[in-house]
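Note sheet for the following structure.
Fair warning: this is a prediction, and the values are worked out from it, not measured in the lab. Quick note on labels: first sequence line is chain A, next is B, and so on, each numbered from 1.
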Protein chains: 2
Amino acid sequence: MKEILNNYIEKALSNIKVKEVLIRELGPREGFQMEKQFVDTSIKIEFINKLSHTGLKYIEVTSFVNPKWVPNLSDAEEVLRKIDRKQNVIYAALVLNSKGVDRAINLVKHLNTTIFADENINIKNNNKTIKESLKEAEEIIKKCIDNDIILEGGISAVWGSPLNPEIPIDNVLMILDFWVKNGIKNIMLADTTGEANYISTKAVLSILKDRYPDVNFIMHFHDSRGLGLVNVLASLELEISIFDSSVAGLGGCPFAPNSAGNICTEDLIYFLHTLNIETNVNLEKLISSALYIQNILNKKLPGKIKELYNQFQTLIS
Amino acid sequence: MKEILNNYIEKALSNIKVKEVLIRELGPREGFQMEKQFVDTSIKIEFINKLSHTGLKYIEVTSFVNPKWVPNLSDAEEVLRKIDRKQNVIYAALVLNSKGVDRAINLVKHLNTTIFADENINIKNNNKTIKESLKEAEEIIKKCIDNDIILEGGISAVWGSPLNPEIPIDNVLMILDFWVKNGIKNIMLADTTGEANYISTKAVLSILKDRYPDVNFIMHFHDSRGLGLVNVLASLELEISIFDSSVAGLGGCPFAPNSAGNICTEDLIYFLHTLNIETNVNLEKLISSALYIQNILNKKLPGKIKELYNQFQTLIS
């Protein structure tokens, strides 16, 4: 029977066309921005250095936003100056305006920025209307080009928000057109408050991929309703191969109501490995980073696999 | 654009053939068996009565097992005598031997029993080898027939265990053949410690459904590695329409290492509704039951949706 079972497994695997996935690790930025108590700069640096040794190829380290609103990331410059940089790892940061780019020059070669497709949340988060954000984005793009920084553009709240759960498809397309028109090829689609599901993920992605077959879409799911990995599966079926996630399931958006953490990196990687998809990440090392930060923050973080590992270590010792 | 979006949503939905799902709610049995402190009988009764008013059609209320091993369910008879029974709701219990059936006579019309496909865990959980359990099951079956009790048979650890992660397919088939030979048409397949994934769920189900196209398979997933709902999706693709789950994500197996709770009923129902699948359950009432039991047990239970609801209530009030 084992042979028959293996045949069925191979048949099921052969339906999955994506063979390798790039994970953009957001834990340091998504996680620390939510913490009420200031996390020591030295801890941030140690955590990022640990993540650098897991095989992750992309780490969003911090953000250059107003320290009045996100005090925990006020040490962005110091963190970026002091981390050990591994070759082949991209160290990126988030900016929401062109002042942020000024601070980032000479410290990073990759920046991310995002505009919310929901007008209300964009005002809360970016302190601007969508139109004003597009104007600001022009400045961001210009400064990045002038300073040889690669910019990735995002669209947030693509699947709506708790207060307005309809998919704001016209705003999504307007922002998407703007990024493409400005030469941006990697575009992040964020489900900021966990509204997306298996069906709506596929529907939105189908429209966007039809419109721009050459864009690399990066999926950014929050796990507010437990559908994070289901939505990853929907994306894989549409041949998406870049995903944002946060180790231990850290994170959330400080200005969006009901936003739970990102999907958890180590759980995502375990899932991808069960689909025979290569991630180049060492799962054990990543779990060890997850347990490290859970101990530091001294609260139970959402990721599942790390708990199992904790128990199992006890069990076999 | 809204029309195009709706067309894509309809197209995606049309791939899902299952239109209605029966949930077997296991929270009272799975949840309380794990609690170290005795939960008052009156609380159990109130909790079950609440669940009876959510639209759930099947509730596993308790188990008739040795009170020495599961002291928290030693009040099985009293609970079953005192709950308010709604018409059209099945109130079931678990037994692991024929003595359990003796205790259940006149108290329930539905019993569940299960045998582990993993020899080691069967010995730990059922205190018997698999062969001995099959022998005992013959007694259970006979007594159920004599007493007009409907018996559903289970196979546990179908996808292996942490200590032996290979799928014990030969044992699975042996136990399956036994149930079928004895006239049992509803057969539960349990992933006791969360080893199953999207591929292996499909592979095992394909083999079993090929062998017995007329059996109703009931899927019982634990969410130890976060793949619970992904595995539900795999099962739906193979047209499974009965699922076990526990409100708030209660539960686990006291004798199986690393077993996290069942998949969470309200998260499952939210997921099914996003797929346009009917469950006949009122999600708000179910969330209210989940928050009730979370408050009583005074610890954060795994389900996601209930937390969101808590936050949202605060937000809009």
Measuring heavy-atom distances to chain B, does [X] have an atom under 4.5 Å in its side chain, in its backbone, in both, or in neither?
X      : result
A/I4   : both
A/I169 : side chain
A/E166 : side chain
A/D223 : both
A/D210 : side chain

Between the side chains of [Y] and [X], is the shortest nitrogen-to-carboxylate-oxygen separation below 4.0 Å, so that they form an ion pair?
X      : Y      : value
A/E237 : A/K17  : no
B/D170 : A/K2   : no
A/K304 : A/D267 : no
B/K299 : B/E35  : yes

Quick check on B/L268 against chain A: is it the side chain, the backbone, both or neither that has a heavy atom closer than 4.5 Å?
neither
Honestly, the part of B/L233 sitting under 4.5 Å from a heavy atom of chain A is side chain
In terms of heavy-atom pairs under 4.5 Å with chain B, the winner among A/L13, A/N276, A/I9, A/I199 is A/I199
I need the residue from A/V232, A/V204, A/L229 with the largest number of non-hydrogen atom pairs under 4.5 Å to chain B.
A/L229
Run the side-chain hydrogen bond (donor to acceptor under 3.5 Å, both in side chains) test on B/Y270 and A/N197 for me, step by step, so that the C-alpha distance in whole Å, both residues' side-chain angles and the decisive distance to 0.1 Å come before the verdict.
CA-CA 10 Å; B/Y270 174 80; A/N197 60 53; 5.3 Å; no
Do B/Q294 and B/K306 get their side chains close enough for a donor-acceptor pair, meaning under 3.5 Å?
yes
Between the main-chain N or O of B/K285 and the side-chain N or O of B/S289, is there a donor-acceptor pair closer than 3.5 Å?
yes
